[in-house]
*Asks:* 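Sharing a structure with you now.
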Amino acid sequence: MIRTRFAPSPNGSLHLGHAYAALVAHDLARARGGEFLLRIEDIDGTRSRPELIAQCLADLAWLGLEWEGEPVFQSARLARYADAGERLKAMGLLYPCRCTRAQIAAAATACGPDGVLYPGTCRGRNVDPEGAAWRIDMAAAIRQAGPLDWVDERAGRQVAAPELFGDLVLLRKEAPASYHLAATLDDAADGVTLVTRGADLFAASHVHRLLQALLGLPVPAWHHHGLLVEADGRKLAKRRGSPSLADRRRDGEDGRAIATALRAGRFPAGISLSPGVHSAP
Ligand code: GLU
């Protein structure tokens, strides 16, 4: 049976782009007789705001979306992430790093999908692990996993290229696990068979596929959908004036009508759907 999920991070109010992402996940599951789950990615202690969780649940209900069972909270799963981290350490694939952002920026010579590539400063060094972040030795991990591929429903078969990201942080100083590790473990734990998310996270799936191979997790299919963008082509963002779903709800707008419009590809003035770099031909 197909199972999808919507996985918001409660570090900002949801806006129309989130509504679109939630509808894609929900509707793909429903259309195929499957289940739609809700996961709250609330482990970024520095940015996560608990008061936004209730708002998010109310926004989704206002759109007319129903999810299976209780929402999953990442904050309740820290032991799982730590266990997986220990397994990767035992495989010799993680190393501690104490570099600051400024040091990395000064030493970096290349960029990856998330910004500057870590130049490998701490790899092979005897770094005090106490309070350090743990990075994956990407080259060693790729050697260990061997060649991998994965399938996006819109873009087709992809050869996994996690090397694009370099030695990513998987266990962070200020948060128990990185997005990549926590999301990959959760999708497996919850039996998610179709991972849907915006095309801006397409490249992340290369890393998730690698982690699945290293940790012996089941491999889902992916569906990276287009993004709602403003007239200048940039993603919607509340800070640039895009009203939040909560604002619209409090202003008395009809959430179900908004959901119907988004499904039909009718967007408010100035907003359009960018198919995403990786759309099917
Ligand atoms: N919490 C992530 C976000 O809001 C979820 C991405 C995903 O669906 O994997 O961008």
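Quantities reported herein were computed from a predicted structural model and do not represent experimental measurements. First listed ligand is number 1; within each ligand, the first listed atom is number 1. Worth knowing before you read on, the calculation uses all heavy atoms, side chains too, and leaves out hydrogens, waters and symmetry mates.
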*Asks:* Which pairs with one or both residues in residues 73-82 pass side-chain hydrogen bond (donor to acceptor under 3.5 Å, both in side chains), sequence neighbours excluded?
*Replies:*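 Sorted result for residues 73-82: Glu41-Gln74, Asp42-Ser75, Gln74-Asp186, Arg77-Asp186, Arg77-Asp190, Tyr81-Asp186.
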*Asks:* Name all residues meeting the side-chain hydrogen bond (donor to acceptor under 3.5 Å, both in side chains) criterion together with Gln103; count only those two or more places apart in sequence or in a different chain, and write none if there are none.
*Replies:* Thr100
*Asks:* Assert yes or no for the condition that the ring centre distance of Tyr20 to His15 is strictly below 6.0 Å.
*Replies:*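 Ring centres of His15 and Tyr20 not closer than 6.0 Å.
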*Asks:* Could you give all pairs that pass the salt bridge (charged side-chain N to carboxylate O under 4.0 Å, His left out) test and reach residues 258-268, with sequence neighbours left out?
*Replies:*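 Every pair satisfying salt bridge (charged side-chain N to carboxylate O under 4.0 Å, His left out) with a residue in residues 258-268: Asp27-Arg263.
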*Asks:* Count I, L, V, M, F, W, Y as connected when their side-chain heavy atoms are under 4.5 Å apart, and connections chain through other members. Are Trp222 and Val207 then in the same cluster?
*Replies:* no
*Asks:* I'd like to know whether the aromatic ring centres of Trp150 and His206 sit less than 6.0 Å apart in this structure.
*Replies:* yes
*Asks:* Under a 3.5 Å threshold, I'd like every N/O contact between ligand 1 and protein atoms, with atom names and distance.
*Replies:*
unit_1	atom_1	unit_2	atom_2	d
ligand 1	1 (N)	Ala7	O	2.7
ligand 1	1 (N)	Ser9	OG	2.7
ligand 1	1 (N)	Glu41	OE1	2.6
ligand 1	8 (O)	Arg5	NH1	2.7
ligand 1	8 (O)	Arg5	NH2	3.4
ligand 1	9 (O)	Arg5	NH2	3.0
ligand 1	9 (O)	Tyr179	OH	2.6
ligand 1	9 (O)	Arg197	NH1	2.9

